[in-house]
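Each remark here refers to the structure printed beneath this line.
Naming convention: chains lettered A, B, ... in sequence-line order (proteins, then strands); numbering from 1 in each chain. Please read all numbers here as calculations on a predicted model, not as lab measurements.
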Amino acid sequence: MIYKTVIGLEVHVELKTKSKMFCGCSADYFGKKPNAHTCPVCLGLPGALPVPNKTAIDWCIMIGLALNCKIANFSKFDRKNYFYPDLPKGYQISQYDQPFCQKGVIALSNGKKIGITRVHMEEDTAKLTHQGDDSLIDFNRSGVPLVEIVTEPDFETAKEVVEYLKKLQQIVRYLGVSNADMEEGNMRLEPNISLRELKTQNSKLKSELPNYKVEVKNINSFRFVEKAIEYEIKRQTEILNVGKTPVQETRGWNEDKQKTVSQRIKEEANDYRYFPEPDIPPIRLSEFQISNFKSQMPELPDLKLVRFTKNYGLPRYDAEILTREKELSNYFEEAVRAGKTFEVNAKQITNVIINKKIDIENIMPAELIKCIVISKKINILDNKKLSEIINKVINENPKAVNDYKTGKVQAIGFLLGKAKQHFPKGDANQIKIALEMKLK
Amino acid sequence: MKINVPHVAKLANLPLKPEEERKFEKQLSEILNYFEKLKEVDTKNVETTSQVTGLENVTREDKAINSLTQEEALSNTKSQHNGFFKVKAILED
Ligand SMILES: [Zn+2]
């Protein structure tokens, strides 16, 4: 039997706002003393009033725009009800039927388009640590802003999923709204995977989706998502091949066992009984505000890549490396500007940045240009010329040479000075090394 | 109207005895029947809303303010450990 893989993705991105989503507690919880960033709102105490963080909403909308979504003129928050100790109110404030952003699209490198169903705003839960017969709760993370990005079931391979995820990570980092670090949990992925049977290789696809899907949680690296998907494809194929249907369930990736394992279901049948959050008035955005957001969007990686290939005449490969991170792309452009006066061109700068793996945090773009200029000059004085001059210096200064050879090492300074007169802009170190070689 | 009381009770995290289930089924049915009365109101020209205050766009600036101290946060719980709230283990694999 031949199957086609159908994968959709839910990604949670934690925003790096200063404060939480609905209260003024610090959102910076990583590695902090437990339960030291809490208040009546994020502890779910009775009578507390949640007030949404404007920056978090703005950033959610920016993510939506970056994914080519339509931004809602009218939006609201809803309560998603379930009981779990990481959720003190007994519900999570989320968005149900009127999210901030819907119907987006993003293209993969093979030209395939992935539909973005929705981008909505919600709050993170507390952090649970299991310890023997107890679970310990830290509410510092409770209420930290989370943006959920849901795709259509448009992926067919683990590779496509990983490419999309890397792209998404790059976009939110370009926007400067999240660190999107998987290991620290600022970016969490939940693929849902199922297989659709193809009748024969040539017949048309059955257009309907499979009647089940398996959601996989607990994935905290791009490598694990690939492995988890490959594993699920194999597992589900085996079940389908014996004429059965895989159970619709949530499974977790277990890195030790190298497989997905069934997880206890939190709540029966996902009966979340969403209803509008009565404590938070709705959000209305005018067309003017939405177009304002659009005009404030920074240049995103895809466009920057095209511009780099066009404006600087760089090969796509180079442009891709330079635009992978916003900081590096900015560094490159600054170096290009600095290079103009010294006739150092974009391609030369690119080669140095890529091949020499320049430490952009410690070498300023202008310094980099200086180094390139110097290394260019030294290259002009090729080794043959250098060797000629050194021979000349040695022949003209027998006393100093003798001093050096009889142990007065400092005599090399004199010889170096003589040689340097011929190369005023040359690299002293290189001349010194050449001189020492000759004197051996 | 038939109500699945054990299901509703489970969603509400309420342990009910069988006699309580019967009692609540009757009460919940009565409440739902009472709500049926609302259908008699003509709402053809009324806009759907979930808000009655008329407020919109109530937000706050992204500023971090002082939180409760750990001691204050934990002051109402009987069950704590090393600065954490403590509950009976949640089963997870
Ligand atoms: Zn708080």
Side-chain angles (χ1 to χ4, degrees), chain A residues 17-20 22-28 33-40 42-43 45 51-57 76 81-86 90 126 128-139 252 254 261-264 267-268 271 273 275-278 280-285, chain B residues 1-16 21 28 31-32 35 38 46-93:
Chain A
T17 47
K18 293 186 188 76
S19 64
K20 292 188 179 181
F22 300 112
C23 61
C25 291
S26 165
D28 179 18
K33 177 174 159 186
N35 296 303
H37 293 176
T38 68
C39 72
C42 56
L43 284 173
L45 301 184
V51 183
N53 182 332
K54 174 144 195 317
T55 303
I57 294 175
K76 67 174 171 64
N81 300 279
Y82 65 91
F83 281 102
Y84 209 65
D86 62 9
L128 283 181
T129 318
H130 306 292
Q131 200 180 73
D133 291 337
D134 302 319
S135 289
L136 303 177
I137 316 171
D138 174 9
F139 285 99
N254 186 314
V261 286
S262 185
Q263 283 189 333
R264 253 166 238 267
E267 185 78 355
E268 53 184 59
D271 195 347
R273 295 147 295 141
F275 66 86
E277 167 57 79
I280 304 176
I283 304 290
R284 197 185 292 276
L285 287 174
Chain B
M1 188 187 277
K2 180 80 185 146
I3 298 168
N4 184 347
V5 177
H7 177 69
V8 174
K10 188 168 182 199
L11 292 175
N13 211 19
L14 292 172
L16 292 186
E21 283 179 13
L28 285 171
I31 292 168
L32 284 183
F35 269 81
L38 287 172
V46 179
E47 206 186 321
T48 318
T49 184
S50 54
Q51 290 274 332
V52 290
T53 60
L55 293 170
E56 283 180 352
N57 300 350
V58 178
T59 57
R60 35 170 277 275
E61 291 305 309
D62 181 28
K63 254 197 255 159
I65 53 159
N66 281 344
S67 297
L68 299 174
T69 63
Q70 188 189 66
E71 293 66 37
E72 286 167 334
L74 292 164
S75 61
N76 284 328
T77 183
K78 281 183 233 159
S79 181
Q80 49 175 293
H81 175 74
N82 283 347
F84 292 91
F85 289 85
K86 190 174 86 179
V87 294
K88 267 213 296 211
I90 305 305
L91 292 171
E92 240 180 38
D93 286 309

Say you draw a straight line from CZ of F139(A) to CG of L74(B); how long is it, rounded to the nearest 0.5 Å?
-> 9.5 Å

Of all the heavy-atom pairs spanning N35(A) and A73(B), show the shortest one and how long it is.
-> O-CB, 3.8 Å

Quick one: what part of [X] sits under 4.5 Å from any heavy atom of chain B, side chain, backbone, both or neither?
{"X": "C23(A)", "value": "backbone"}
{"X": "E277(A)", "value": "backbone"}
{"X": "K20(A)", "value": "backbone"}
{"X": "F22(A)", "value": "backbone"}
{"X": "D133(A)", "value": "backbone"}
{"X": "I57(A)", "value": "side chain"}

Considering the options K63(B), E61(B), R60(B), which one meets the side chain to side chain donor-acceptor pair (under 3.5 Å) requirement together with S19(A)?
-> R60(B)

Considering only heavy atoms and a distance below 4.5 Å, find which of V52(B), L55(B), T53(B) pairs most often with chain A.
-> L55(B)

Judged by atom type as modelled, is there a donor-acceptor pair below 3.5 Å linking the side chain of Q51(B) to the main-chain atoms of I280(A)?
-> yes

Backbone N or O of N53(A) within a donor-acceptor pair of the D62(B) side chain at under 3.5 Å?
-> no

Does any heavy atom of chain A fall under 4.5 Å from the side chain of N82(B), the backbone, both, or neither of them?
-> backbone

Mind checking whether P282(A) and E56(B) have side chains closer than 4.5 Å, heavy atoms only?
-> yes

